[in-house]
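What follows is a single structure, written as structure tokens, with notes after it.
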Amino acid sequence: MLDLGFVRTNLELVEKKLRERGQDPAALLGDFRELDLRRRERITEAEQLKAQRNKLTEEVARLKKSGQDASAPMDETRALKTRMDELETAAAESETELRAILTRIPNLTRDEVPVGSSEQQNVEVKRWGTIPEYSFQPKPHWELGAQLGILDLERAAKISGARFAVYWGDGAKLERALIGFMLDLHTREHGYTEVLPPFMVNSKSLFGTGQLPKFAEDLFRCTDAEGLVPGEYRDNDHWLIPTAEVPVTNLYRDETLDEAKLPILLTAYTPCFRSEAGSYGKDVRGIIRQHQFQKVELVKFTRPEDSDVEHEKLTRNAETILERLGLPYRRMLLCTGDTGFSSAKTFDLEVWLPGQNLYREISSCSNFDAFQARRANIRYKPKGQGKTAFVHTLNGSGLAVGRTWLAILENYQQADGSVRVPDALVPYMGGQRMIESRAGA
RNA sequence: GGAGAGAUGGCCGAGAGGCUGAAGGCGGCGGUUUGCUAAACCGUUAUAGGGUUGAAAAGCUCUAUCGAGGGUUCGAAUCCCUCUCUCUCCGCCA
């Protein structure tokens, strides 16, 4: 969420930034200026009346105390009441209208973010690793997984439906090894603290990180709370998390953090659940796009002046995983049209997939500025200043485990269909160096 | 699931219809004293939103906020209703 006062005084800049994202400022902002003006008028009016009422009730108290008749000011206050209720309702209405606009405006992208309408205009920042050459035709992971008997999409469809996967034997073990490897690296070498959050959150949390109210259709909602109105926030509803970003960032919702403790670095392993509404027919083969996938997430809370440096570090932390695993990748700076709703600047890491002969997103590292902090009310008290200020929040996948799993299959496949275990992962596989076909599944 | 108790400022804790944004204590900040530390003493110490003065820093003023939302009343932290959360006991359960 942007600051109301900021939008008021920088309306032209906001409009320009919205256009750069490919959004229609008129549609998003509506009659912002008018609403804002009306809101303040109504508040002023309502508060003046309240002040008047407060004076009168004080008068009543004084008269009663001295044993005098207080019926005159009492009647007057009663007469005031209808008008006051009207004004109060009107002021609250304006507040709601304005807030509805404000909560649907995406974050402003940084000036260094390239202007573009689609991923075609994303800019490649760097490339790492050499693309392996094969003496045979490399296979996509779904073929490898099926042949090895470690990936079972048919039975997953039976027990759960499309876009789910069952991992058997070494497949399940590889997933577990990756989780342990990533968490260990981030906690031991990168300074993150591991947290294990709930996999369900309430809608206030989803509002805090920006998924609600705009993106409800991308989420799975548990129907335990009856009479729920979408876009309405309550404490007792449950949604499956689409990313650990939601529970972890919201850990500090409505809190004021100690500046000395910043930056706070947290990492969390969680499953992630996404409805993938609107992506029918996209990535239907393999496990690229699933309703449930596992992810190790990196989250940071920083002072505003540190967020750019911490963004670069966080991206490097994610890249390090790929490098240790020997997976070739490239870093993309997302253009304005491809940058997420809450983000001011995003780097995507794309891993090379020889089985499909393309680069594929495996991590997304974003700096949200104060956008989420404002929505979630996460603040700190800068030294030497009386005023509290909003922190900056950042996060990135470090990494998406399912996509790392399939990247290893495709990059480390052998001519006979077996898969070599990357050296860094061998200890996490109990010393195992090869994944070979085994009957049994 | 059943029965009960509770939720007040950074923390502890009073208040039980009117001058209470809220006593007292702790903590924090500023100061006095002091060779330094400590102690003592004095002062100060919430957030948000309007209006207004100012170039700004900031000031003045009003409004709201005692878990959340509604109600009663001239007036609610205080009374009533609903909800959420926490604690205790019973039941069930990984």
Side-chain angles (χ1 to χ4, degrees), chain A residues 1-9 33-99 101-103 196 198-208 222 224-229 232-239 247 250-262 370 373-391:
Chain A
M1 190 161 62
L2 301 177
D3 178 65
L4 174 61
F6 178 87
V7 177
R8 185 184 300 144
T9 49
R33 214 184 276 276
E34 213 176 296
L35 278 173
D36 177 50
L37 217 65
R38 184 145 38 113
R39 166 180 171 270
R40 282 184 287 162
E41 277 170 10
R42 285 174 167 179
I43 287 174
T44 307
E45 233 182 310
E47 290 190 346
Q48 277 168 353
L49 223 59
K50 278 189 202 170
Q52 198 181 332
R53 184 225 25 211
N54 290 348
K55 285 248 162 58
L56 284 167
T57 60
E58 266 172 50
E59 177 78 5
V60 172
R62 226 193 54 240
L63 289 172
K64 286 209 166 181
K65 206 163 210 175
S66 58
Q68 289 174 269
D69 174 36
S71 55
M74 276 166 70
D75 289 344
E76 211 177 322
T77 315
R78 213 168 317 179
L80 228 56
K81 198 163 186 172
T82 323
R83 180 75 187 129
M84 204 177 66
D85 284 348
E86 278 170 19
L87 282 170
E88 218 169 10
T89 310
E93 235 169 64
S94 288
E95 188 88 49
T96 308
E97 286 168 352
L98 207 63
R99 193 178 160 77
I101 290 177
L102 222 48
T103 56
L196 178 60
F199 302 158
M200 291 191 225
V201 292
N202 57 36
S203 37
K204 277 188 181 164
S205 296
L206 287 158
F207 177 82
C222 304
D224 57 340
E226 282 177 40
L228 181 97
V229 181
E232 195 179 273
Y233 311 113
R234 36 197 292 179
D235 290 324
N236 60 338
D237 59 345
H238 298 103
W239 305 65
N250 278 281
L251 283 173
Y252 294 121
R253 173 148 49 87
D254 294 320
E255 292 191 29
T256 303
L257 304 175
D258 180 2
E259 185 183 19
K261 295 214 172 82
L262 299 177
R374 214 172 276 120
R375 290 172 84 101
N377 189 30
I378 307 170
R379 300 174 302 167
Y380 78 110
K381 219 178 199 98
K383 211 173 290 164
Q385 282 174 257
K387 277 273 181 186
T388 51
F390 291 109
V391 300

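The model shown is predicted, which means the values in this text are computed figures rather than measured ones. To find a chain, count down the sequence lines: A is the first, B the second, and so on, and within it residues start at 1.
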Under 4.0 Å, counting only non-hydrogen atoms across every strand here, what does [X] touch: a base, just sugar-phosphate, or nothing?
{"X": "A:Arg62", "answer": "nothing"}
{"X": "A:Asp75", "answer": "nothing"}
{"X": "A:Arg42", "answer": "nothing"}
{"X": "A:Arg8", "answer": "sugar-phosphate"}
{"X": "A:Thr77", "answer": "sugar-phosphate"}

What is the distance, to the nearest angstrom, from the [atom1] atom on [X] to the [atom2] atom on [N]?
{"X": "A:Asn202", "N": "B:A68", "atom1": "CG", "atom2": "P", "result": "16 Å"}
{"X": "A:Gln52", "N": "B:C74", "atom1": "CD", "atom2": "C1'", "result": "13 Å"}
{"X": "A:Phe390", "N": "B:A48", "atom1": "CZ", "atom2": "P", "result": "8 Å"}
{"X": "A:Leu49", "N": "B:U63", "atom1": "CG", "atom2": "C1'", "result": "12 Å"}

A:Asn377 and A:Asp254: side-chain donor and acceptor closer than 3.5 Å?
yes
Could you verify whether a donor N or O on one side chain and an acceptor N or O on the other, from A:Arg379 and A:Thr388, lie under 3.5 Å apart?
yes
Considering only the [atom1] atoms, how many Å lie between [N] and [M], rounded to the nearest integer?
{"N": "B:G31", "M": "B:A38", "atom1": "P", "result": "14 Å"}
{"N": "B:A46", "M": "B:G30", "atom1": "P", "result": "16 Å"}
{"N": "B:C11", "M": "B:G71", "atom1": "C1'", "result": "33 Å"}
{"N": "B:G70", "M": "B:G59", "atom1": "C1'", "result": "38 Å"}
{"N": "B:C83", "M": "B:U20", "atom1": "C1'", "result": "27 Å"}

Taking only the side-chain nitrogens and oxygens of [X], find out if one of them lies under 4.0 Å from OP1 or OP2 of [N].
{"X": "A:Lys55", "N": "B:U63", "value": "no"}
{"X": "A:Asn54", "N": "B:U63", "value": "yes"}
{"X": "A:Arg39", "N": "B:G50", "value": "yes"}
{"X": "A:Arg40", "N": "B:G50", "value": "no"}

Involving RNA chain B, stems made of at least three consecutive Watson-Crick or G-U pairs, both distances under 3.5 Å:
B:1-7 with B:84-90, B:10-12 with B:24-26, B:27-32 with B:40-45, B:46-53 with B:58-65, B:67-71 with B:79-83
For nucleotides 77-82 of chain B, tabulate all protein N/O to nucleotide N/O atom pairs closer than 3.5 Å, reporting atom names and distance.
none

base_contact_polar (B:G49 base, A:Glu47 side chain, donor-acceptor, <3.5 Å):
yes
Of the listed nucleotides B:C62, B:A64, B:C74, the one nearest the side chain of A:Ala51:
B:C62
Residue pair A:Lys65 / A:Arg62, side-chain heavy-atom distance below 4.5 Å
no
Does A:Arg8, at its CZ atom, have more than 12 non-hydrogen atoms belonging to other residues, nucleotides or ligands within less than 6.0 Å?
yes
Which of A:Lys55, A:Glu88, A:Glu45 passes side chain to side chain contact (heavy atoms under 4.5 Å, CB included) with A:Lys50? It is A:Glu88
